[in-house]
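Single-structure report; data block below.
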Amino acid sequence: MSDKTIDVASVRALIASAPDTLLVDVRTPSEFEDARIDGAVNLPLGQADHRLKQVAEQAGDRRLVLVCRSDRRAHRCRADLEAAGIRGAVVMTGGMIAWAAAGAPVLHGTGARR
């Protein structure tokens with residue numbers, strides 16, 4: 001783990017110890033509805049420009065973890081946040097692929113978009 005990334009095991013521990021952790025899933029709505037982490041908020045990268053900065057600012061002192069399928073889009077999102085002056089967001093390495101591979105719980109089905 002670095003100051004810009006966090007692994008699946010650490011995300012799981014963070015959620016357990018700090019349930020107010022803000023998980024922002026930057027995948028498309030259909031990807032999110034298909035498989036997601038419980039409690040994650042869907043904010044697709046393509047729609048995230050001004051809304052993500054607002055979400056990050058509203059997160060306050062809560063830890064902001066960015067998630068996507070593999071981690072590419074999440075890294076791009078973190079870079080955009082940094083360019084906008086928002087620091088402290090981290091990317092879950094390996095994204096949902098790593099989350100599922102680790103046997104972490106995944107919710108499936110529709111109606112999960114927030």
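If you're wondering where the values come from, they're calculated on a predicted model, not measured in any experiment. Numbering starts at 1 and runs along the sequence shown.
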Could you give the side-chain donor-acceptor pairs of residues 17-25 under 3.5 Å, partners two or more places apart or in another chain?
{"unit_1": "Ser17", "atom_1": "OG", "unit_2": "Ala13", "atom_2": "O", "d": "3.1"}
{"unit_1": "Ser17", "atom_1": "OG", "unit_2": "Leu14", "atom_2": "O", "d": "3.3"}
{"unit_1": "Thr21", "atom_1": "OG1", "unit_2": "Ala18", "atom_2": "O", "d": "2.6"}
{"unit_1": "Asp25", "atom_1": "OD1", "unit_2": "Arg27", "atom_2": "N", "d": "3.0"}
{"unit_1": "Asp25", "atom_1": "OD1", "unit_2": "Arg27", "atom_2": "NE", "d": "2.9"}
{"unit_1": "Asp25", "atom_1": "OD2", "unit_2": "Arg27", "atom_2": "NE", "d": "3.1"}
{"unit_1": "Asp25", "atom_1": "OD2", "unit_2": "Arg27", "atom_2": "NH2", "d": "2.7"}

Should Val67 and Val11 count as side-chain neighbours, where that means a heavy-atom distance under 4.5 Å?
no

*State yes or no: do Ile97 and Val65 share one hydrophobic cluster built from I, L, V, M, F, W and Y residues joined by side-chain heavy-atom distances below 4.5 Å, directly or via other members?*
no

dist Met92:CE -> Ser10:OG (nearest 0.5 Å) comes out at 11.0 Å

Applying side-chain contact (heavy atoms from CB on, under 4.5 Å) to Ala104 and not counting sequence neighbours gives Arg12, Trp99

Contacts satisfying side chain to side chain donor-acceptor pair (under 3.5 Å) that involve residues 70-79 (not counting sequence neighbours) are Glu31-Arg73, Arg78-Glu82

Residue pairs passing the salt bridge (Lys or Arg N to Asp or Glu O under 4.0 Å) test with at least one member in residues 85-95, sequence neighbours excluded, are none

So NE2 of His108 and CZ of Arg36: to nearest 0.5 Å the spacing works out to 8.5 Å

Contacts of Ala98 meeting side-chain contact (heavy atoms from CB on, under 4.5 Å) (sequence neighbours excluded), chain-then-number -> Val8

The reported gap from CD1 in Ile86 to SG in Cys77 (rounded to nearest 0.5 angstrom) is 11.0 Å

Tightest non-hydrogen contact, residues Cys68 and Ala74, listed as SG-N, 3.4 Å

